[in-house]
Amino acid sequence: MQQAPDVHQAEPIPDAARDAVEALLQSGDLFRYTAPENAPVSLLETEFAALIGARYALAVSSCSAALFLSLKALGLPRDARVLIPGFTFAAVPSSVVHADCVPVLCEVGDDYRVDLDDFTAKLENVQAVIISHMRGHTSDMDAIMAACDARNVPVIEDAAHSLGTRWGGRNIGTIGRAGCFSFQSYKMINAGEGGIMVSDDADLIARAVILSGAYEHNWKKHPVLQDAFARWQNRLPLYNLRMSNLAAAVIRPQLPELARRVRQGRANHDHVAARLSASPWIEVPTPLPGEERAPDSIQFNLRGLSDDQTRAFVEAAAARGVGVQVFGMSTDNARAFWNWRFLPDLPDLPRTRAMLMRACDVRLPVHLDRAELDLIADILLDAVNEAAGPARAFGT
Ligand SMILES: *Cc1c(COP(=O)(O)O)cnc(C)c1O
């Protein structure tokens with residue numbers, strides 16, 4: 001049997017990062033606010049904002065920190081209700097709790113996107129919204145922005161796993177009041193850890209800059225409206241969630257690689273999606289009109305399989321060397337809302353639950369070649385045929 005490819009192997013960091021890190025090790029200048037100007041973190045903020053099409057960017061320690069700071073910068077009162085999708089990573093409700101707010105969960109459909117009926121119904125009672133573009137699947141941002149703008153509810157985009165995705169020609173993360181991205185190793189740009197917040201709102205970003213730990217007059221090193229900073233001097237807590245120059249030195253040389261990674265990731269995904277869609281047992285949700293995806297993994301739903309058959313599929317794929325995670329079936333999965341037991345009033349979300357019990361997740365890192373992608377597709381198709389059983393595979 002052919003060896004299945006290693007989907008956990010990362011792409012090497014570009015050589016230019018080595019020189020930048022070496023220079024930092026020589027100078028010892030690792031803190032973003034030591035140098036009077038042009039610190040790697042500041043340069044990253046300017047470059048990232050230009051790349052994504054936002055006016056301002058603030059680099060921080062993680063996407064979770066960016067989400068937390070976005071909520072805090074909105075000035076939400078304690079116990080403000082924040083609407084989030086019921087299908088997201090546990091870090092998202094956690095950032096809401098961290099910001100002293102209360103997460104309100106809304107249903108997510110079989111296509112991994114926010115259920116707009118449930119969303120609109122719950123919007124009446126919330127003070128802010130976080131939209132997670134989970135695994136890069138973009139919800140209908142036109143409908144969401146129209147509904148939120150009509151009620152004056154601010155939208156924060158959790159674009160942690162969506163860097164490079166576009167909606168109606170705009171980069172995801174630039175549509176809401178603020179957008180948050182991750183540089184954790186499993187995302188499109190890898191610094192181990194790291195995050196960045198973008199916004200066009202000078203006052204919002206000024207508050208976030210101070211909250212992130214620009215103590216005393218360090219905010220003068222941010223090219224944002226200085227009036228806004230002066231207004232907030234000494235009036236906000238300093239949470240110290242800054243990014244280190246070392247992380248920025250590793251991230252900056254990857255920015256020019258983004259377009260290629262997005263192109264390759266999409267081609268890889270679409271190739272495997274087309275092959276899997278040939279199976280009567282597998283449904284791969286298609287992008288919404290206006291959505292251009294940037295995937296580094298594939299999600300698909302098993303159709304017509306029982307719980308036991310679903311488990312048999314996961315085992316059959318694993319026996320052939322391909323790891324499949326069914327979000328709702330793997331033990332303690334951080335993306336299954338019923339495992340967020342740190343929340344006091346966990347609702348039941350029957351639609352989201354049903355989706356999670358059949359939604360499969362397979363990593364497809366952009367470095368895979370066509371033969372490796374075909375091998376993964378062959379294995380998944382063999383495994384589903386075996387699990388669904390010969391009687392059913394022959395069309396009864
Ligand atoms: C990875 C991820 C996060 C958290 O990012 P960190 O940088 O690790 O804090 C949040 N939301 C989604 C959808 C993610 O995929």
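Atoms within each ligand, like the ligands themselves, are counted from 1 in listed order.
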| query | In terms of atom number and element, which parts of ligand 1 are under 4.0 angstrom from non-hydrogen atoms of Val92? | reply | 11 (N)
| Looking only at non-hydrogen atoms, which of Met134, Arg335, Lys187, Glu193 approaches atom 2 (C) of ligand 1 most closely? | Lys187
| request: Give the ring-plane orientation class for His98 versus Phe68, where under 30° counts as parallel, over 60° as perpendicular and anything between as tilted. | output: parallel
| query | Closest non-hydrogen protein atom to atom 10 (C) of ligand 1, residue and atom name please, with distance? | reply | Ala160 CB, 3.6 Å
| message | Per the side-chain hydrogen bond (donor to acceptor under 3.5 Å, both in side chains) rule, what does the pair list look like for residues 58-67, sequence neighbours excluded? | response | none
| task | Not counting sequence neighbours, which residues clear ring-ring contact (aromatic ring centres under 6.0 Å, His included) with His222? List them please. | result | Tyr33
| Close N or O approach (Cys63, ligand 1; < 3.5 Å) | yes
| task | With atom 4 (C) of ligand 1 as the reference point, say which of Ser64, Cys180, Ser95 has the nearest heavy atom. | result | Ser64
| From Gln264, His367, Arg261, residue fulfilling side-chain hydrogen bond (donor to acceptor under 3.5 Å, both in side chains) relative to Glu11 | Arg261
| query | Looking only at N/O atoms, are Thr88 and ligand 1 under 3.5 Å apart anywhere? | reply | no
| Which of the ligand 1 atoms, numbered from 1, are nearer than 4.0 Å to a heavy atom of Ser62 | 7 (O), 9 (O)
| query | Where does Leu67 meet ligand 1, judged by heavy-atom distances below 4.0 Å: at the side chain, the backbone, both, or neither? | reply | neither
| said: Please report whether ligand 1 has a polar contact with Ser182, defined as an N or O pair separated by less than 3.5 Å (distance criterion only). | reply: yes
| said: Would you call the rings of Phe31 and Tyr215 parallel, tilted or perpendicular, taking 30° and 60° as the class edges? | reply: parallel
| query | Does one side chain, of Arg242 or Asn240, offer a donor that lies under 3.5 Å from an acceptor on the other? | reply | yes
| request: State whether Trp167 and Arg170 meet the cation-pi test: NZ (Lys) or CZ (Arg) under 6.0 Å from the six-membered ring centroid, and within 45° of the perpendicular axis. | output: no
| query | Identify the closest protein heavy atom to atom 11 (N) of ligand 1: which residue and atom is it, and at what distance? | reply | Asp158 OD2, 2.8 Å
| Which atoms of ligand 1 are found less than 4.0 Å from any heavy atom of His161? | 15 (O)
| Does a sphere of radius 6.0 Å around CZ in Arg260 hold more than 12 heavy atoms from other residues, nucleotides or ligands, not counting ones at 6.0 Å or beyond? | yes
| said: Yes or no: does Gly194 have any heavy atom under 4.0 Å from an atom of ligand 1? | reply: yes
